[in-house]
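A note on names: the letters A, B, ... follow the listed sequences, proteins ahead of strands, and every chain is numbered from 1.
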Amino acid sequence: MSAPAPRVRFAPSPTGYLHVGGLRTALYNYLFARGLGGRVILRIEDTDRTRFVEGAAENLASTLAWAGIAFDEGPGIGGDFGPYVQSERSEIYSAHAQQLLNEGKAYRCFCTPEELEASREKQVAEKRDPAYDRRCRALSEADVQSRMDNGMPFTIRMKVPLVGQMYFHDLVRGEITMHFDSIDDQVLIKSDGFPTYHLANVVDDHLMEITHVIRGEEWLPSAPKHHLLYDFFGWEAPAFAHLPLLLNADRTKLSKRQGDVAVEDYRSKGYLPAALVNFVALLGWNPGDDRELFTLAELEKTFSLERVSKAGAVFDIEKLNWFNAQYLRALPPAELAEVCGPWMRAAGFEAETPARAEAVVSAFASYLTVPSDIGAHLRFLTLGQVTLESAEDRDLVASSDSQKVLVRFADLAETQDPWATPEVKALIKQVQSDTGIKGKGLFMPLRLALSAEQHGPDLGLMAELLGREETVRRIRAQII
RNA sequence: GGCGCGUUCGUCUAGCGGCUAGGACGUGGCCCUCUCAAGGCCAAAACACGGGUUCGAUUCCCGUACGCGCUACCA
């Protein structure tokens, strides 16, 4: 017998960009479900109208799609359990809250935000634990009725048992114990009629037949409330897995101000989705062997919740860079030219043909961490004239040996045809045997003459990229 | 403060009672080589601390310390 195919969901709130931590949560949900032939649902949790950002949901969807994470159900995708946007499900939450009210498992609270705030401050001042004092829990039916008749706004709170404790299982952390006396009477429906996360996520997960809730560790403290709600409704709770947090270098929760946290930031810098996904997959999970390079499809086959670790993981940009460099180098020339295109043009380099762009970009593939790195390497191609910056370089080129090399090379190159790396290499060999100069003394004057740089890729390749005419022109320009 | 969770090289991690504690990034060195990058090889680098349990603890249990998270009519 096998368990039914899982149904999981990624449920971001549309408050802006997609956080890399969110990407990892989405990824783990996706990998877990895909590996078991299950379904992945995207649900937008927009019950906080004060934090709503126009277009954020669409941005979330397109960023997720860029990363290669596809959903089976969700806004704009469809499915049998919609709508998938919580703001469109208000009646559902109200009805469920009403049910709890009828069954005595929730109550109306008429305390105003100001009153609650004052109460909290007082508790803190008296060094007591800030918690709702439950004053409205004891209101008589008549009291409640008269306040409602007066049009007083109210919230609906859940009636958490006053004593006792509860246990629940977490797929990542094992058994967890929590005492009821440390759990507040959580607000389920806000005075604006919208549900809080706690009510909405429980109701939706049940109605959408979610089997596994895979979310960040920041939800662990409120998990007992959610379990309690499942009990209140008489529903079977899904399995829970709370993922370790992604951290800054100082081990605080990964945040802006200490580097880029938006997936969009990495996307716009040219990081490859495959590299970002591969890197992030290994932050809190490992395959159990020494492999590190995984495609999305391979991750789907290999991923398991059992191998998710418990401790937070520092987001190390250096390692991301290594992954990106690996993926960049593995790209076929055409694709590399494609991803580097914008930065090549920004550096003032326009390739006449696709083949030309590919040849140029391939020459520098091993130099790139991020596509934008290409710009610095292309400068020598766009140079109108080569100017040696340091006295050391000028002296080197002006030496009599160097001059001999330059003259001989230019003379031979003049009539060389065809002009490609092998021919140029043979030509340099010829210069060597004609002049008796070899090694650095042979190459450096040519290299400086062509690029004004002491470092760079294979000299023959550089000459090929420059073309015969330009090569000769640059060499001659350095002959005194 | 309270509650919860966590703790193996600088970082990501393997380890599920007996290992010279393994791999990767980064760092250093060597090789390759006209140079740089890439690549190959090598090196330095970790079990937070204290008690137990056990013939034997990185591993199991309990404390302590430290870190993080939560403590909203935000998610």
Counting the atoms with a prime plus P, OP1 and OP2 as sugar-phosphate, which does [X] contact under 4.0 Å by heavy atoms, base, sugar-phosphate, or nothing?
| X | value |
| --- | --- |
| Arg329(A) | sugar-phosphate |
| Ser222(A) | nothing |
| Glu318(A) | sugar-phosphate |
| Leu459(A) | base |
| Arg51(A) | base |
| Thr112(A) | base |
| Gln186(A) | nothing |
| Gly216(A) | nothing |
| Arg307(A) | sugar-phosphate |
| Cys109(A) | nothing |
| Ser13(A) | sugar-phosphate |
| Asn201(A) | nothing |
| Asp129(A) | base |
| Arg447(A) | base |

Report the distance from atom [atom1] of [X] to atom [atom2] of [N], rounded to the nearest whole Å.
| X | N | atom1 | atom2 | answer |
| --- | --- | --- | --- | --- |
| Ile189(A) | rC73(B) | CD1 | P | 14 Å |
| His198(A) | rC70(B) | NE2 | P | 12 Å |
| Asp181(A) | rG2(B) | CG | P | 14 Å |
| Trp285(A) | rA14(B) | CH2 | P | 11 Å |
| Leu368(A) | rG39(B) | CG | P | 13 Å |
| Leu116(A) | rC73(B) | CG | P | 6 Å |
| Lys425(A) | rU33(B) | NZ | C1' | 10 Å |
| Asp393(A) | rU35(B) | CG | C1' | 12 Å |

Looking at [X] and [Y], does any basic side-chain N land under 4.0 Å from a carboxylate oxygen?
| X | Y | answer |
| --- | --- | --- |
| Asp184(A) | Arg157(A) | no |
| Arg135(A) | Asp133(A) | yes |
| Arg394(A) | Glu389(A) | no |
| Arg173(A) | Glu217(A) | yes |

Within less than 4.0 Å of OP1 or OP2 of [N], is there a side-chain N or O belonging to [X]?
| X | N | value |
| --- | --- | --- |
| Arg108(A) | rC73(B) | no |
| Lys440(A) | rU33(B) | no |
| Arg128(A) | rG1(B) | no |
| Lys225(A) | rC3(B) | no |
| Ser309(A) | rU13(B) | yes |

Between [X] and [Y], does the ring centre distance come in under 6.0 Å?
| X | Y | answer |
| --- | --- | --- |
| Tyr167(A) | Phe180(A) | no |
| Phe315(A) | Phe279(A) | yes |
| His226(A) | Tyr197(A) | yes |

With the side chain of [X] defined as its heavy atoms from C-beta on, choose the nearest nucleotide among [options].
| X | options | result |
| --- | --- | --- |
| Thr252(A) | rC68(B), rC12(B), rC73(B) | rC68(B) |
| Arg120(A) | rC73(B), rG10(B), rC5(B) | rC73(B) |
| Pro130(A) | rG1(B), rG4(B), rC74(B) | rG1(B) |
| Lys253(A) | rG69(B), rC73(B), rA75(B) | rG69(B) |
| Ile176(A) | rG4(B), rU11(B), rG6(B) | rG4(B) |
| Arg251(A) | rA24(B), rC73(B), rG67(B) | rG67(B) |
| Leu283(A) | rU7(B), rC3(B), rC12(B) | rC12(B) |
| His455(A) | rA14(B), rA75(B), rC36(B) | rC36(B) |

For Tyr197(A) and Lys319(A), find the nucleotide of RNA chain B closest to each by heavy atoms; which residue's nucleotide sits nearer the 5' end?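 The answer here is Lys319(A).
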Ring centroids of Phe443(A) and rC34(B) base under 5.5 Å with planes under 30°: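 The base of rC34(B) is stacked with Phe443(A) (centres under 5.5 Å, planes under 30°).
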Examine the side chains of Gln86(A) and Glu45(A) and answer whether a donor and an acceptor come within less than 3.5 Å of each other. yes
[atom1]-based separation of [M] from [N] [nearest Å]:
| N | M | atom1 | value |
| --- | --- | --- | --- |
| rG22(B) | rA46(B) | C1' | 12 Å |
| rG18(B) | rU59(B) | C1' | 11 Å |
| rU13(B) | rU53(B) | C1' | 29 Å |
| rA75(B) | rG40(B) | C1' | 50 Å |
| rU11(B) | rA48(B) | P | 12 Å |
| rC32(B) | rG39(B) | C1' | 9 Å |
| rC68(B) | rC30(B) | C1' | 42 Å |
| rC62(B) | rC5(B) | P | 11 Å |

Which base sits across from [N] as a Watson-Crick or G-U pair, both distances under 3.5 Å?
| N | answer |
| --- | --- |
| rU58(B) | none |
| rC73(B) | none |
| rG26(B) | none |
| rC5(B) | rG67(B) |
| rC16(B) | none |
| rU53(B) | none |

Heavy-atom distance under 4.5 Å between the side chains of Leu412(A) and Asp434(A), does that happen here?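 Yes, side chains in contact.
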So do the side chains of Leu466(A) and Phe380(A) get within less than 4.5 Å of each other, counting heavy atoms only?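 In contact.
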Ignoring hydrogens and geometry beyond distance, is the side chain of Thr155(A) in donor-acceptor contact with the base of rC73(B) at under 3.5 Å?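 No, the side chain and the base share no sub-3.5 Å donor-acceptor pair.
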